[in-house]
Structures are given as C-alpha cells and as structure tokens.
Number of protein chains: 2
Amino acid sequence: MLEISTEEYDNKKLFELLLTGVAPRPIAFASTVDSEGNKNLSPFSFYNAFGVNPSTLIFSPSRRGRDNTTKHTFENLKEVPEVVINAVNFSMVHQMSLSSTEYPKGVNEFEKAGFTQLPSIKIRPYRVKQSPLQFECKVRDIIEISGKPGSGNLIICEIVYIHIDEKVIDENGTINPNRLDLVGRLGGNYYVRASGKALFTIPKPLTTLGIGVDSLPQSVKMSTILSGNDLGQLGNMEKLPDETELISLIKNDVLRKKVSNNSFLHQYAKQLISNGEVYAALKVLLAFGN
Amino acid sequence: MLEISTEEYDNKKLFELLLTGVAPRPIAFASTVDSEGNKNLSPFSFYNAFGVNPSTLIFSPSRRGRDNTTKHTFENLKEVPEVVINAVNFSMVHQMSLSSTEYPKGVNEFEKAGFTQLPSIKIRPYRVKQSPLQFECKVRDIIEISGKPGSGNLIICEIVYIHIDEKVIDENGTINPNRLDLVGRLGGNYYVRASGKALFTIPKPLTTLGIGVDSLPQSVKMSTILSGNDLGQLGNMEKLPDETELISLIKNDVLRKKVSNNSFLHQYAKQLISNGEVYAALKVLLAFGN
C-alpha cells in the first residue's frame, strides 16, 4: 500500500486525490442572484443530500486553492440566501461544463451556456428549464470551514419547492433513474453516466438478518474460486439449510459426480449464484463441501 | 412539470425522492469503535468531500425515519471521535451491502460480511483490507441537524492518514478511475459502477473563456438537429473564426453543395462535433448558415 500522512502532503495533490477517491459525486447546478438581481449559474460536485425533517442539501462553493478568492455563487448567497439546485442529466452536460467557465461577475451563465431561465415559485433565483429536477431552496446556514485556500464553505439548504419533469416519472409514479439519466463527477476530466448498463441492483439486506459470511464453512470462505461478492450474497441468506434439505441433495448421484472435488463444487456454486440461485448454491456447498 | 411544496409533502416520500434525485452518491464505508473497543462497520451514502486545508469529509449516519433512533456508528463516534472511511469498489459491493444489515450492537460486521480488519496507523478504528483506498480520519465536529426522525447528523472529519492500494495507481503515478472501479449509490436498490464504458470525459472549459452559446447565430441556437450538448461544445470554442477562414471554406464548391440547406448543414456540423472536430463545425456553420 502507498501510505500518505496528510500533514506532510501538498494540498493541491490532496485535493486531486479527493476528487478521484470520493466519487462518483452528484452535481448541484446552482442558480443564485445577487442583491441587484444579477444571475449566476454554476456547477458544484461537493454536494449531497443529508436527510429530511428538514430536507437538507449541502453543497460547497469552496475557496479557490490558487489565490484563496471566493466564487460568485458564494458571494451571492451571502447577499440573497436562496438557491435553485438543478439536477444535471446527460443531455445537458456540455452546456453545464461551459457554464463552469469563470466569466466575470455580472455575466449571466444561463445565456452564455444557452440555458432557458424560468422564474421560481418561492424564491428569487431562476430555474434551469432543461433540468429534469429542480429544487428551490432557502439557505439555513453557511459554515466557512477555515477560510484558508481550498477550504470548503458549507451551504446548508432546506428545500421549499420541487419541480419534476413528468417525462422522468414511470408507470408506478416514481422517478426512473434511466429516464432521469443523471451524470456524476469523478476526478480529472471524468464523468459517469448513471443509467443503462452501468446500473445494477442489490436487494436490500434482509431485515431478518442474514446468516453472515462467518457462518460459512472455512473451505468456502477461503475459496479461490468464489469471490467476495459471491460470499456476500451467500452470507445474506436468511438461514442455513437444514439436514433434510441437504440429505435429499446428497442422494443425487448425478450431482455428486458433477461436484466431485472442491474446485468443481465451487465453480458450480459460482454459476448458480450468477444465475441468482443463491440459496441453491448455499445448499450444494454445504451438502458436498469438505 | 410535477410540482411539490415540501411543507405539505410526506417525509418518507421526500426521503425517497432525495435518494433518487441526488445521485450518484459516493459511499463512505465507515469503521468505528465504541469506548470498549467493539467494532462497527457500516456504509453511508450521504457523504462527500468538502475541500482541503483542512481536508474535509462529511457523512451522515442519519436518525432513522421510522422510530427516530440513532445508528451504532453515530453512537460510537460520540464515544470515540475517530473513523476510517473506506472507499467501496465493485468487487466488494455485495459484502458491503450485507454489512448494512442492522445486526445488534456488539456484532462485528467485519466478520459478518467476511472482511479482513487491519489496524490503523493514527487512530483506533480498523481499516477494511479489501478496500483500495482508506482514509483515517479524526472527527472535528458533529452537527445534529434537528434531532427529528429522518434528520441528518453531520460527521465532519479531517483526514490524517491515507492508504492506497498500489494496484489502482497507473504509470503516471495517479489513481486510475478504471482500476479504482468505485460504485455509487442511487435510489431504491440501484447502484452505478463508475468505470469502463459508463465513464466519459469533458475537457475543462477554457481559462481564456469560451465564446458562449449566446455568440452563435440564431439559426444554430434554434436548430432542431443540433442538441444542447452540441451547442455547449460550440460555445466552448476560444474564438469565432475570422473572415479569411470563412472565405476559404465558401470557395469550396463540393462542400457548398453538401450543405445546401440548413438541415444538411446542421447534420454535417453535428457529425463533425461527434468526431471531435468542434472548431471545424463552428466554421462550416458560420460560412454556410442563414
């Protein structure tokens, strides 16, 4: 392992490491106004939700590392503590990137990036028409972490009004992630498109508590064929099979021949798991394993 | 658009909307200990980096919506304000999911989920050996947003020591996102694998300031063929082509025939953009557009 003690490490390199290592990050496309009503629109990926009651979104227009200056978004929020956080989907990502250009104060990034500005219902800043999901927020608090170059400014927001494009809602009345087609941010110039084949699902763990990987036989836990993901799925089974279930398997001569050593057995179990037959895999491993 | 006023909206539905709409989210796989040294390991996706100087990671083991109880991670951090935040990559995602099971206090999720615990250098909680990137952190502050069901608890962490698996570092000495192979969290049972074909790059906008979409001719901005992403790339060009460049194009009879109306012209420009020849597209649009 490469080891880094952060107190001896360069802030710029650490910043780049965070951008790559804390990923993929959601993007807050933040629309603000100053006290004179001048509009600003800029993307931030130090952003996430942090619970409800009150609904909390936090993003950070951080201080610039190179000269410790602050961004227009941050300055606007101190004058007018309101923001529309627009979600960013794949079809608007190049325009969003263009809007992150550091145009001089007073330049309207809606126009520069070719977005359509729509008035909000409850706050002064404008919404991005092209965004499929727009959160109108009031700023509850601003926390400046240290005031030093590269440091964060937490904008703690409460959502007061939400606009959702009906096109992203499916037959069940819920938002479909494939229709929403959000993009996330990684380090360097990288983005991820969070839809289609990049998505996968894992059923939530049992509320009845899975048996745990620690309940599996040693030969299974130490398998060179079964992966960590295989073990994780086996450990999520609700119970260990009982003797009756195992005996009926052991009587199956064709199967016994097929899994005549641990290598064949683990390969067969792995195949069952990849077909979604995890409990069947657990049974065969316990019936024929050494 | 579907319109929602949050003060009249159910907290549970709002929570689900945040999980789907603020995505993809990075995952903090948090290892903590209580004052007696009992270990806990649990994943949280209300998590992000928030700048350097000091390096700041924030995650939220939120209060449970159903009964307003707190999680073991939160309770441990009040006793011992230290945490290892382990990154989660694709090869460990099923074990991570299993560890999110609500086992009783005192159960070691390292064992339940089949992970290997390694001692840390600067803090008491253990690291997950299987994770390619491990941040040892001291907790600087804990902010309880409201104490109400479903509300966030901000754990504000400073990184003191970092472990990186050398396998994820490429020839240039930087972390390669494809080797790191992180997963992100969306709503419902959805995850995204942030590597391979799901990744794409957008060069950072010019520091010289792009011309902006507002500098493009009206017929280009209103095109039904060129998309928002096409316009965004055109607007990121450093300058509008000058007359000499356009005249030499206009003299090209073959080309003039090819783009004899705006529909052909825009299709041709779109093709150039998709081949990465954005400036060539801008020139042809200005030379032959009406």
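Residue numbers begin at 1 in each chain, while the letters A, B, ... track the order of the sequences.
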Side chain, backbone, both or neither: which part of B:V183 has a non-hydrogen atom closer than 4.5 Å to chain A? both

Of all of B:S91, B:G21, B:G188, B:A49, which one pairs up most often with chain A through heavy atoms under 4.5 Å apart? B:A49

Under 30°, 30 to 60°, or over 60°: which ring-plane class applies to B:F50 and A:F50, parallel, tilted or perpendicular? tilted

Interface residue of largest heavy-atom contact number with chain A, from B:M92, B:K13, B:E136, under 4.5 Å: B:M92

Among B:T6, B:V52, B:L180, the residue with the most heavy-atom pairs under 4.5 Å to chain A is B:V52

Is B:S97 in contact with chain A via its backbone, its side chain, both, or neither, using a 4.5 Å heavy-atom distance? both

Any non-hydrogen side-chain atom of B:H94 less than 4.5 Å from a side-chain atom of A:I202? yes

Interface residue of largest heavy-atom contact number with chain B, from A:I27, A:D165, A:I121, under 4.5 Å: A:D165

Give, as side chain, backbone, both or neither, the part of A:L199 having an atom under 4.5 angstrom from any heavy atom of chain B. both

Checking B:I143 against chain A: side chain, backbone, both or neither under 4.5 Å from a heavy atom? side chain

Chain A contact via B:Q134 - which portion, at a heavy-atom distance below 4.5 Å: side chain

Choice from A:G114, A:G150, A:A87 maximising heavy atom contacts with chain B below 4.5 Å: A:G150

Given a strict heavy-atom distance threshold of 4.5 Å, which part of B:K204 is in contact with chain A: side chain, backbone, both, or neither? both

With a 4.5 angstrom heavy-atom cut-off, could you sort out which part of B:L186 is near chain A: side chain, backbone, both or neither? side chain

Does the ring centre of A:F115 sit less than 6.0 Å away from the ring centre of A:F29? yes

Only pairs of heavy atoms separated by less than 4.5 Å count here; which of A:S227, A:A198, A:G210, A:G196 has the most with chain B? A:A198

Okay, B:L19 and chain A: the region with an atom under 4.5 Å from a heavy atom over there is neither

Using a strict cut-off of less than 4.0 Å between a Lys/Arg side-chain nitrogen and an Asp/Glu carboxylate oxygen, indicate whether A:R140 and A:E158 qualify as a salt bridge. yes

Counting only non-hydrogen atoms closer than 4.5 Å, does A:S151 touch chain B with its backbone (N, CA, C, O), its side chain (CB onward), both, or neither? both

Which atoms of B:A23 are under 4.5 Å from chain A, going by heavy atoms: the side chain, the backbone, both sets, or neither? both

Check step by step if side chain to side chain contact (heavy atoms under 4.5 Å, CB included) holds for A:L98 and A:K112. CA-CA 8 Å; A:L98 177 58; A:K112 274 286 157 204; 5.7 Å; no

Can you tell which part of B:S195 gets under 4.5 Å to a heavy atom of chain A, answering side chain, backbone, both or neither? neither

Looking only at heavy atoms, the pair that brings A:L231 and A:V220 closest together is CD2-O, 3.6 Å

For chain B, which of A:S146, A:G187, A:P132, A:S62 has the most heavy-atom pairs under 4.5 Å? A:S146

When only pairs under 4.5 Å are counted, which of B:T20, B:L209, B:I169 shares the most heavy-atom pairs with chain A? B:L209

Where is the tightest heavy-atom contact between A:P24 and A:V192, given as atom of each residue plus distance? CB-CG1, 3.7 Å

Residues A:V168, A:N176; criterion side chain to side chain contact (heavy atoms under 4.5 Å, CB included); working and verdict: CA-CA 6 Å; A:V168 305; A:N176 182 316; over 6 Å; no

Contact part of B:L133 toward chain A, heavy-atom cut-off under 4.5 Å: side chain, backbone, both or neither? side chain

Starting from the C-alpha separation in whole Å, work towards a yes-or-no answer on side chain to side chain contact (heavy atoms under 4.5 Å, CB included) for B:L17 and A:F135. CA-CA 11 Å; B:L17 195 157; A:F135 297 113; 3.8 Å; yes

Heaviest contributor of heavy-atom pairs below 4.5 Å to chain A, chosen from B:G228, B:G235, B:G184, is B:G228

Contact part of B:L14 toward chain A, heavy-atom cut-off under 4.5 Å: side chain, backbone, both or neither? both

Below 4.5 Å from any heavy atom of chain A, which atoms of B:I58 appear? Answer side chain, backbone, both or neither. both

Looking at A:G212, A:P26, A:A194, A:G152, which has the largest count of heavy-atom pairs under 4.5 Å with chain B? A:P26

State plainly whether the residues B:R179 and B:E166 are in salt-bridge range, i.e. N to O under 4.0 Å. no

Given heavy-atom pairs under 4.5 angstrom as the criterion, report whether the side chain, backbone, both or neither of B:E102 touches chain A. backbone

Under a 4.5 Å heavy-atom cut-off, does chain B meet the side chain of A:K122, its backbone, both or neither? side chain

Would you mind checking which part of B:R63 comes under 4.5 Å of any heavy atom in chain A, side chain (CB onward), backbone (N, CA, C, O), both or neither? neither

Do A:N229 and B:V93 touch side chain to side chain, with heavy atoms closer than 4.5 Å? yes

Using side-chain hydrogen bond (donor to acceptor under 3.5 Å, both in side chains), reason through B:E3 and A:Y161 one step at a time and then give a plain yes or no. CA-CA 7 Å; B:E3 313 266 313; A:Y161 205 86; 3.2 Å; yes

With the threshold set at 4.0 Å, does a side-chain nitrogen-carboxylate oxygen contact exist between A:K221 and B:E111? no

Max heavy-atom pairs within cutoff under 4.5 Å with chain B, candidates A:K12, A:R193, A:M96, goes to A:R193

Would the B:F200 and A:F90 ring centres measure less than 6.0 Å apart? yes

List the steps and the verdict of side chain to side chain contact (heavy atoms under 4.5 Å, CB included) for A:K129 and A:H163. CA-CA 10 Å; A:K129 183 177 186 231; A:H163 307 258; over 6 Å; no

Measuring from atom CG of B:N189 to atom OG1 of A:T201, what distance do you get when rounded to the nearest 0.5 angstrom? 6.0 Å

